[in-house]
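Written out below as structure tokens is the structure these notes cover.
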Amino acid sequence: MTPFSYRNASDRAEALALGAAGDARFLGGGTNLVDLLRQNVESASELVDVSRFPGSIRETDTGGLRVDASVKNSALAAHPLVRSRYPMLSRALLAGASAQIRNMATVGGNILQRTRCVYFYDADGAQCNKRRPGSGCDAIGGFNRYHAILGASEDCVATHPSDMCVALVALDAVVHLAAPDGERTVPLADIHRLPGTQPEIETVLRPGELITAIELPSATAAATNSEYRKVRDRSSYAFALISVAGGLDVVDGAVAEARIALGGVAAKPWRAKRAEAALRGLPATHASFQAAAEEELAAAQPLEGNAFKVGLAQRTIVAVLQSLAGDHA
Amino acid sequence: MPISINGADHPLPDDPRVSLLDLLREREGLTGTKLGCNQGACGACTVLLDGERVLSCLTLAVQAEGRKVVTVEGLAGHDGGLHPLQQAFIDHDGFQCGYCTPGQICSAIAMAQELGRGDPSHVTADLSHGPDGPTRAEIRERMSGNLCRCGAHNGIVEAIEEMLAGEAA
Ligand SMILES: Cc1cc2nc3c(=O)[nH]c(=O)nc-3n(C[C@H](O)[C@H](O)[C@H](O)COP(=O)(O)OP(=O)(O)OC[C@H]3O[C@@H](n4cnc5c(N)ncnc54)[C@H](O)[C@@H]3O)c2cc1C
Ligand code: FES
Ligand code: FES
């Protein structure tokens with residue numbers, strides 16, 4: 001671990017001023033960044049702690065929910081309004097990591113956590129275009145059970161590991177960003193980039209830009225009739241092979257609104273737009289769900305070790321929608 | 001500001017790279033807290049920070065400035081007697097080698113509070129209603145962040161059940 005200094009920012013202005021300097025990095029709970037610093041995958045001249053700002057969860061004027069970036073994953077999962085109005089978000093958070101890690105992890109850090117690709121982590125022994133641009137990708141011909149089947153490139157097949165982000169993208173969450181020269185908002189769906197030829201550029205954030213909050217629009221019927229299903233190699237404390245955040249509103253036997261997003265399939269939380277569009281107005285039946293799931297995965301390009309994910313993703317989408325349709329299906 | 005460890009103030013390390021775990025073990029001689037993976041994957045280093053369970057291997061010591069840390073050494077009663085959960089671990093064979101035990105015990109004490117205030121878990125059936133009490137399924141899921149390579153999990157769950165039953169009585 002290369003030496004760094006540490007500053008505990010007392011407010012946003014101080015964080016932005018400190019974050020603009022050299023190779024400074026913001027520090028949330030540290031559950032990802034401290035690990036990567038220790039593995040020499042990342043380095044920093046200074047850590048600017050933004051986890052100790054006061055953070056809150058509050059209703060917006062338009063009936064949505066605003067969550068400050070420093071809110072802990074455990075607090076968000078347990079919040080009564082999240083549990084009652086956006087259950088897929090509580091479920092996604094509770095399916096991630098362990099209770100200890102959820103107590104430490106912040107909302108901002110969760111969004112910006114980096115891939116768990118083993119070759120990305122192996123700074124001494126493996127080639128990785130994300131870690132060292134141009135060096136190659138050992139995952140493509142290597143151990144790629146956990147890697148992407150959608151939106152990957154010849155240069156990188158890593159996945160984004162967050163569970164929380166899968167629910168957030170399905171709920172149309174918006175991310176509030178601040179920089180010394182002003183503020184902006186970006187839909188969560190547009191925060192992470194697909195790898196293309198530059199897998200080292202993972203998000204649209206500019207250097208020194210701080211996540212200050214996320215905002216959920218007021219809950220629709222499908223946001224509230226929602227769930228999160230995670231398929232993994234052991235039943236707890238493991239990253240997703242495939243996960244599905246699903247929300248469904250059925251009126252007179254037909255799909256009025258469907259929200260579907262996938263985790264474990266791409267370098268970003270994957271909103272299943274094709275499946276959603278295919279479902280609209282169709283009878284809420286197994287056949288419709290199956291057709292929509294196939295439509296979404298039609299573009300999948302699996303690797304040797306993860307071909308099983310295509311069928312697994314389809315079956316998980318269908319199972320989630322069936323469960324949400326309940327007596328209608 | 002110093003860090004409070006088991007009720008006594010301790011200075012911050014000069015080097016911010018020092019983890020809370022290394023501060024406890026290497027500088028303060030509190031070797032009850034264990035180093036397993038040093039990567040967040042095993043739970044052996046679990047301590048209480050302002051009463052909540054966290055991993056000391058991924059916490060920088062400087063992040064604990066002005067906060068209260070409680071380790072397994074801080075759990076025993078004033079008379080030096082065992083914490084009821086420590087006794088329950090002995091009674092139920094909640095360990096073999098004992099390496100994961102301090103982390104298991106700190107974790108379970110915080111878990112009991114989380115359960116008590118009705119926080120949901122991954123296996124809670126009804127999110128709005130909250131957990132149906134300390135069922136085995138709830139305990140197992142909530143303790144999944146503490147691995148035991150000796151496989152003493154059955155005894156661990158039984159010991160925790162006994163502690164929770166004692167609290168309810
Ligand atoms: C063993 C283990 C198992 C895990 N399992 C899961 C799992 O199953 N599912 C899952 O979803 N996650 C899992 N995680 C990952 C965990 O959720 C993330 O590490 C955590 O959410 C990161 O949050 P943090 O606050 O600790 O971020 P940090 O580690 O502090 O920071 C992460 C990144 O975000 C940046 N950052 C932090 N806050 C801000 C901000 N406000 N503005 C701008 N940049 C910021 C940092 O500079 C850094 O680049 C696991 C982690 C471990 C160690
Ligand atoms: S040593 Fe901290 S989780 Fe393993
Ligand atoms: S008792 Fe040996 S690791 Fe748990």
Side-chain angles (χ1 to χ4, degrees), chain A residues 1-8 27-39 44 46-47 49 51-52 72 74-75 77-105 121 163 226-228 230 234-238, chain B residues 1 12-20 37-43 45-67 103 106-108 110-111 114-115 117-124 126-130 137 140-147:
Chain A
M1 203 170 10
T2 52
F4 51 77
S5 56
Y6 168 89
R7 294 287 292 273
N8 182 19
L27 178 68
T31 59
N32 192 220
L33 185 54
V34 169
D35 186 19
L36 290 170
L37 288 167
R38 199 175 276 154
Q39 304 290 324
E46 179 158 89
L47 296 187
D49 195 340
S51 72
R52 299 184 73 181
K72 299 290 192 284
S74 50
H79 195 276
L81 290 180
V82 179
R83 285 154 69 174
S84 60
R85 294 182 190 169
Y86 311 96
M88 65 158 81
L89 178 55
S90 269
R91 291 283 182 208
L93 285 158
L94 293 170
S98 67
Q100 290 95 316
I101 293 169
R102 294 191 294 271
N103 276 339
M104 303 166 71
Y121 257 82
D163 289 297
S226 71
E227 63 177 68
Y228 186 77
K230 180 172 177 180
R234 62 180 183 201
S235 62
S236 189
Y237 202 16
Chain B
M1 256 194 292
L12 291 172
D14 294 331
D15 188 337
R17 291 178 295 179
V18 174
S19 67
L20 178 58
C37 64
N38 218 21
Q39 280 204 287
C42 76
C45 66
T46 302
V47 298
L48 305 179
L49 185 59
D50 287 341
E52 304 290 344
R53 49 180 165 165
V54 299
L55 300 177
S56 60
C57 71
L58 293 182
T59 303
L60 297 175
V62 286
Q63 288 180 285
E65 181 180 9
R67 302 169 77 177
C106 287
S107 189
M111 184 217 64
E114 294 160 11
L115 203 49
R117 64 181 180 232
D119 291 354
S121 83
H122 174 63
V123 300
T124 303
D126 181 344
L127 276 184
S128 297
H129 174 258
R140 289 172 60 90
E141 163 59 24
R142 287 165 193 267
M143 292 299 294
S144 73
N146 292 83
L147 305 188

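Below, each value reflects all heavy atoms present in this structure, side chains not excepted, and no hydrogens, waters or symmetry copies. Sequence lines set the chain letters: A, B, ... in the order given, protein chains first and strands last, and positions in each chain run from 1.
For Cys37(B), no part lies under 4.5 angstrom from a heavy atom of chain A. Both the backbone and the side chain of Asp35(A) come within contact range of chain B, each with at least one heavy atom under 4.5 Å from a heavy atom of that chain. Proximity to chain B is absent for every atom of Pro80(A), based on heavy atoms less than 4.5 angstrom apart. Heavy atoms of Leu27(A) lying under 4.5 Å from chain B belong exclusively to its side chain. Heavy atoms of Ser121(B) lying under 4.5 Å from chain A belong exclusively to its backbone. Residue Ser74(A) does not touch chain B at all, counting heavy-atom pairs closer than 4.5 Å. Of the atoms belonging to Ala95(A), heavy atoms from both backbone and side chain fall under 4.5 Å from chain B. Using a 4.5 Å cut-off between heavy atoms, Leu37(A) makes no contact with chain B at all. With a 4.5 Å cut-off on non-hydrogen atoms, Leu60(B) touches chain A through its side chain but not through its backbone.
In this structure, the separation between CD on Gln39(A) and CG on Asn38(B) is 8.5 Å, given to the nearest 0.5 Å. In this structure, CG on Leu58(B) lies 6.0 Å from CZ on Arg38(A), to the nearest 0.5 angstrom.
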task: Show your working on side-chain contact (heavy atoms from CB on, under 4.5 Å) between Glu141(B) and Leu94(A) and close with a plain yes or no.
output: CA-CA 10 Å; Glu141(B) 163 59 24; Leu94(A) 293 170; over 6 Å; no

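Among Leu49(B), Val123(B), Thr124(B), Asp119(B), the residue with the largest count of heavy-atom pairs under 4.5 Å with chain A is Thr124(B). Of all the listed residues (Arg52(A), Gln100(A), Met104(A), Met1(A)), the one sharing the greatest number of non-hydrogen pairs under 4.5 Å with chain B is Gln100(A). The residue among Ser19(B), Gly40(B), Gly130(B), Gly43(B) with the most heavy atom pairs within less than 4.5 Å of chain A is Gly40(B).
Listed by chain and residue number, Arg117(B) satisfy the salt bridge (charged side-chain N to carboxylate O under 4.0 Å, His left out) test with Glu52(B) (two or more places apart in sequence, or in another chain). Arg67(B) meets the salt bridge (charged side-chain N to carboxylate O under 4.0 Å, His left out) test with Asp50(B); sequence neighbours excluded.
No side-chain heavy atom of Thr31(A) sits less than 4.5 Å from a side-chain heavy atom of Leu55(B). Counting heavy atoms from C-beta outward, Gln39(B) and Tyr121(A) have side chains that approach closer than 4.5 Å. Side chains of Pro3(A) and Asp15(B) form no contact here, defined as non-hydrogen atoms less than 4.5 Å apart. Using a 4.5 Å heavy-atom threshold, the side chains of Ser236(A) and His122(B) count as separate.
Using a 3.5 Å distance cut-off with no hydrogens or angles, the side chains of Asn8(A) and Gln63(B) do not pair a donor with an acceptor.
Contact between Ala99(A) and Glu114(B) at its shortest, heavy atoms only, is CB-OE1, 4.3 Å. Across Tyr6(A) and Pro16(B), no two heavy atoms sit closer than the pair CB-CB, 3.7 Å. Closest approach of Ala77(A) to Pro120(B), counting heavy atoms only: O-CG, 4.2 Å.
The main-chain N or O of Leu127(B) is found under 3.5 Å from a side-chain atom of Arg83(A) such that the two form a donor-acceptor pair.
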